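Taking it in order: structure first as structure tokens, then the write-up.
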There are 2 protein chains.
Amino acid sequence: MKNTSASPAPVRTRDPERTKGQILEAALSEFATNGYDGAKVHQIAKSAGCNARLIYHYFDNKERLYAAALRKIYSDIREREAELNLDALPPEQAVKQLTETTFDFFENNTAFLSITRSENLLGGRFISQMPEIQKMSAPFLDKISDALKRGHAEGVFRAGIDVLQLYVSIVALSAHHINASHTLSATFGRDISSVAWRQERRAHVVEMIQNAVALRESTA
Amino acid sequence: MKNTSASPAPVRTRDPERTKGQILEAALSEFATNGYDGAKVHQIAKSAGCNARLIYHYFDNKERLYAAALRKIYSDIREREAELNLDALPPEQAVKQLTETTFDFFENNTAFLSITRSENLLGGRFISQMPEIQKMSAPFLDKISDALKRGHAEGVFRAGIDVLQLYVSIVALSAHHINASHTLSATFGRDISSVAWRQERRAHVVEMIQNAVALRESTA
DNA sequence: CTCTTAAGTAAATCAAAATTGAATTATTTT
DNA sequence: AAAATAATTCAATTTTGATTTACTTAAGAG
């Protein structure tokens, strides 16, 4: 027998872990799409298929939810980076591999770029509070550094390449056209986000990075 | 004699042009700092030193104010680009000049990058409505294209360089570390926004672009 | 100098969105 | 199986922020 008035049959089965996970997923997507201020708590709840009150139950408030989303997306990256095995490859291949992987990663993880963009708009308010993020990236730079040293020892790379500059460049070349796809497309009247253009870009970026590290005969 | 109750002495002298200008300036700065949703109409008014009602008087609503700010910042760029005289320089110098000017422009016009970032977050909603922006950029690409052709003819640049890819790369290399300064700094534990690092970066970017266009002896 | 217009102000209003209160069970514990 | 816990819901409440109403008055036109 149904209740006379109050309870309209709560369908949702209880599962805190699942719920937390769904909220986090939804938050990630909403923050990525709309930025921090643009994302609405109720919309996140809806997209997570749960009641908005649960967001406060599990994450206290919008700010902490955002922080959790930010932390999660960085830990996803950490995993990818760890997978990358540069030591096994000859230096030239290693740099190529690194470039391609980075390029493809951004292409397939728009959310990372979007969240990052949002976080920079907020002045790094949250990421600066997460010391764990830095610790995970140092070893990655070391890997790249090794490849550069090997390349120089083998006489195929030039000397004195700054790893951080190089890596920032790889990221810049791989990310900017995604971050700025709308304004670039509007400015130059070309569809920057088309598959064709992106394929061209991939080749262009790989070549630029190769030229950046390769020894130039004339200089040698 | 002072009024008994109503008017608490309106200090502001009347000057519609000045007021409009101040509002636009303030809007630019607030939208750049906080993004579209993050910027508050009352704060813009305060920062413009005027009453919030005037924003509606002159710009109708927040959206149109934002559109006006966007239009203004692009027209500022248009001017800079027009000033750049690449034809007068030998091709190698022209490309160097272009790179340095672009790099310096972004460094000194953080607002442009911020507004652009915000606009991309909005999915290009406003810029796609401004056909005038595209028209101004085409001739600029032509200029660069000319320099590349001259360079190839003189035997100092390689063949088949895609102008748009190259220019997007110059912008990417010059802008990304500014757009992402907070997240990059936090990730790598280095102050990406320090003067020292940016000077290093400038040299690095110029060199990368030179390597990208220069004929490589080994290939030739 | 008067009249009209529009620049400017202060204080609502209205709606959206974040956050919270209070009640209702499902599930676990004892 | 009763009691305790905490997952979940619905419906406020409170906050914030965009927009508007109503009024005042400076400045220019005749």
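Sequence lines set the chain letters: A, B, ... in the order given, protein chains first and strands last, and positions in each chain run from 1. Remember, predicted model here, so these are calculated numbers, not experimental data.
- Between the NZ atom of A:K62 and the P atom of D:dT16 there is a distance of 13 Å, given to the nearest Å.
- Put simply, CD1 on B:I170 and CD on B:Q165 are 12.0 Å apart, with the number rounded to the nearest 0.5 Å.
- Under the 4.0 Å criterion applied to side-chain N and carboxylate O atoms, A:R71 and A:E132 are assigned as salt-bridge partners.
- In this structure, the CG atom of B:D15 is 13 Å from the P atom of C:dT9, given to the nearest Å.
- The interatomic distance linking A:H57 (NE2) with C:dA18 (C1') rounds to 18 Å, in whole Å.
- Contact check, B:T19 against C:dG8: a side-chain N or O comes under 4.0 Å of OP1 or OP2.
- Aromatic pair A:Y66/A:F59: centroids not less than 6.0 angstrom apart.
- The residues B:E81 and B:K143 are annotated as not salt-bridged, no charged nitrogen and carboxylate oxygen being separated by less than 4.0 angstrom.
- Atom CG of B:L65 and atom P of D:dT19 are 10 Å apart (whole Å).
- Distance A:R14 CZ to C:dA26 P: 7 Å, rounded to the nearest Å.
- Here the OG-NE2 distance, from A:S169 to B:H204, works out to 3.0 Å after rounding to the nearest 0.5 Å.
- Using a 4.0 Å cut-off, no side-chain N or O of A:T13 falls inside it from OP1 or OP2 of C:dA26.
- If you take OH of A:Y66 and C1' of C:dA18, they are 18 Å apart, rounded to a whole angstrom.
- Of the residues in residues 20-54 of chain A, A:A39, A:K40, A:V41, A:H42, A:R53 come within less than 4.0 Å of DNA chain C through at least one heavy atom, sorted by number.
- Rounded to a whole Å, the OH atom of A:Y58 is 17 Å from the P atom of C:dT20.
- Taking the six-membered ring for Trp and the full ring otherwise, the centers of A:H177 and A:F103 sit less than 6.0 Å from each other.
- The nearest whole Å value for the distance from the OH atom in B:Y56 to the C1' atom in C:dT13 is 13 Å.
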